[in-house]
2 protein chains.
Amino acid sequence: MSGKGTTIQEVARVAGVSTATVSRTLSNPDLVRDGTKKAVLAAVEKTGYRINRAAQNLRKQQAGAILVLLPDLGNPFFSQILSGIESVLTTSDLSVLITDASGIKQSQLVGYFQDTRADGIIILDGAIPHGVLKELIEVVPDNRAVFACEWKPDTKLPSIRSDNQGGAHQAVAHLVELGHRKIGHVLGPRGNVLTKERLTGFERAMLEFDIDINSNWLIDGGEFSLEAGAQAARQFIELDELPTAIFCAADLIAMGLISEFAKHGISVPNDVSVIGFDDIAIAYRFIPSLTTIRQNRIQLGVLAATTLMNSLSGRSMPAENNVQLVDVLLVERESTAPLS
Amino acid sequence: MSGKGTTIQEVARVAGVSTATVSRTLSNPDLVRDGTKKAVLAAVEKTGYRINRAAQNLRKQQAGAILVLLPDLGNPFFSQILSGIESVLTTSDLSVLITDASGIKQSQLVGYFQDTRADGIIILDGAIPHGVLKELIEVVPDNRAVFACEWKPDTKLPSIRSDNQGGAHQAVAHLVELGHRKIGHVLGPRGNVLTKERLTGFERAMLEFDIDINSNWLIDGGEFSLEAGAQAARQFIELDELPTAIFCAADLIAMGLISEFAKHGISVPNDVSVIGFDDIAIAYRFIPSLTTIRQNRIQLGVLAATTLMNSLSGRSMPAENNVQLVDVLLVERESTAPLS
DNA sequence: TTGTAAGCGTTATCAA
DNA sequence: TTGATAACGCTTACAA
């Protein structure tokens, strides 16, 4: 009834054909005559046949799975990316293995490939230690790994990313449009590629709008976290003069900043406008709801998965087209307001 | 160098033994003489041999993977549970497949078992539709599924859960100890097992401390979310009298409540004490930091995985010992204060 | 267009 | 204690 244990032999018997024909019907229908095809399909239906993955993988010398390497399973930012990845890989009959990079042993990661548990890997963690990455690349052919969101500048692996510079630029433009000229920026982790890109976008925009950057208002958050934002707020408060608007490198930073400001009687957006980056789920429920730059996380996931799949099946990208930039979107909410 | 493609045959050749002996050395060392063992191990080392998972799985008629079914990949509550699960399964050479229940098709889920992609399943979602669960149980033997955190009361599957009643009781006890007698409760989703258990714990404690429950202060949150909390706050505000302390069925609810209260000039903990449930990561960074009942999420994951593994290997639990309760812990922070 | 049959790398049975 | 070998279920030359 549940079709448990039905093999291709059984289907062949029922359909009155050979196992080869059943196999072809299922994986290469074009090679099979219509009538035969129909008979096979009927037999499949009747027997409740399900292919045995292990046998298929063994024969095809593949793993049938993709490994997704996350920096931190607990960070809500990644959930939708995973959805995007899943939606693509599921339709290709690939399983999704997920692993948290924090605390993973080098050998463990490489092992996934050495013992044929994974055909490819999507790396969502730009902070993966150099040694690990190096050994990984040694073992894993180029066409079996892609970066998504974060990346390491000194590798040639394909990379799918948001337009971080453009997003930062949009954020500043939005603030300027509201009349702000005294604009600060809270950066992410030092050395992080996202931090750098967003800072560059910030600087470009400020230059373009002919606004001097006040270095007092350029604060090093240190990490993408609430606490970093709260810390930054305390630094702002100690200054002689506050900016009228602040662009934060991440939503978590922005929310931490706003909370801490509130604690000190500084109200957002009345006293200061604040804009974030990411548009994580909580952003639109935060009080005040957070104006932010939305990353299209689903699409990031879809593209990463698609790129990897194309690579795996040989339709690899040329080396120069290795970066795919995904557009971001300004989402206006309550945390930014016209300069009063 | 990377050992890619080395087979057991190669190892056998190098060690000067048969493939059977290599296999035994690796999976059943007791059956092999010490000297031979040493030679085999040396050959393994030398050749960089890694077992081929697909071949092993085919031969052993297994999938080598466990499926974890989440209600919502985006909910940060689940991350540490996954860590716990991973830590156990990784040591057993099992891969972890993760799937989001939202929007999953019934057939898809069942398919994981029918085509031997998963040996077992850990269900973290008590809200899984009845039909899906029913079909799943039809296909999946009893000993291959466990519930963790949430569960369905009308099934016999093993269940690992926090002591939800006890936690609610502790929450109330903590408030009473601070001098509060006017205590409210914001419930979770109607019909959810966690909601029911926590309400029961609340009621038990109130009875025990001889406090009448004011039904105006028993508010239906509707879901475990920030918005639910904000909504509840609005309902509280419309009442003639506010409680002096509120127990929320989840941290997200508590934070939403506090935010909305703040918006209306009601300060936590000065005007009202608030206590949550879960201790999600953001709780200790929230302003005010949130007093809450901590669920031992790692242990929930570890126990769920261990239970499933024991089941799979035949060391199944007797049917009457099907529920494992995990202790919770009161974490005192700033959102609760003595009654002034 | 279809069938035959070899072989993917392992484990388990049986015999030695 | 070890070895020879069949079998797990599938795909793919090659032959028909």
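Values below: all heavy atoms of this structure, side chains included; hydrogens, waters and symmetry mates excluded. Chain letters run A, B, ... following the sequence lines, proteins first, then strands; residues in each count from 1.
No donor-acceptor pair under 3.5 Å is formed between the side chain of B/R53 and the backbone N or O of B/G64.
Side-chain contact, B/S162 with B/Q295: a donor N or O sits under 3.5 Å from an acceptor N or O. In summary, the side chains of B/Q62 and B/D119 do not present any donor paired with an acceptor at a separation below 3.5 Å, with no hydrogens or angles considered. With no hydrogens or angles considered, no side-chain donor-acceptor pair links A/Q324 and A/S159 at under 3.5 Å.
Between B/L109 and B/F113 the shortest heavy-atom distance is O-CD1, 3.8 Å. B/I160 and B/A304 make their closest contact through CG1-CA, 3.6 Å (heavy atoms, listed as atom of the first residue, atom of the second, distance). Of all non-hydrogen atoms in A/F77 and A/C149, the two that sit nearest each other are CE2-SG, 4.1 Å. Contact between A/Q56 and A/I51 at its shortest, heavy atoms only, is NE2-CD1, 3.3 Å.
Remark on DNA chain D: of its neighbouring residues A/R53 and B/G35, the 5'-side contact belongs to B/G35, judged by nearest-heavy-atom nucleotide.
For the pair B/N57 CG and D/dC10 P, the computed distance is 14 Å after rounding to whole Å. Going from atom CD of A/E10 over to atom P of D/dC10 covers 11 Å, rounded to whole Å. One interatomic measurement links the two molecules: CD of A/Q61 to P of D/dA13, which rounds to 13 Å at whole-angstrom precision. B/Q56 has its CD atom 16 Å from the C1' atom of D/dA7, to the nearest Å. As a whole-Å value, the separation of A/L31 CG from D/dA13 P is 12 Å. Straight-line distance from the CG atom of A/D93 to the P atom of D/dC10: 14 Å, rounded to whole Å. B/I8 places its CD1 atom 13 Å from the C1' atom of D/dG3, with the value rounded to the nearest Å. Straight-line distance from the CZ atom of B/R59 to the P atom of D/dC10: 16 Å, rounded to whole Å.
In terms of phosphate contacts, A/Q9 brings no side-chain nitrogen or oxygen within less than 4.0 Å of OP1 or OP2 of D/dC8.
Of the residues in residues 20-29 of chain A, those with a non-hydrogen atom less than 4.0 angstrom from any atom of DNA chain C are A/A20, A/T21, A/R24.
Bounding nucleotides for the chain B contact on DNA chain C, 5' to 3', at a heavy-atom distance below 4.0 Å, are C/dG9 to C/dT13.
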Which pairs would a plain distance check flag for residues 19-26 of chain A, meaning a side-chain donor or acceptor within less than 3.5 Å of a matching protein atom at least two apart in sequence or in another chain?
residue: A/T21; atom: OG1; partner: A/S18; partner atom: OG; Å: 3.3
residue: A/T25; atom: OG1; partner: A/T21; partner atom: O; Å: 2.6

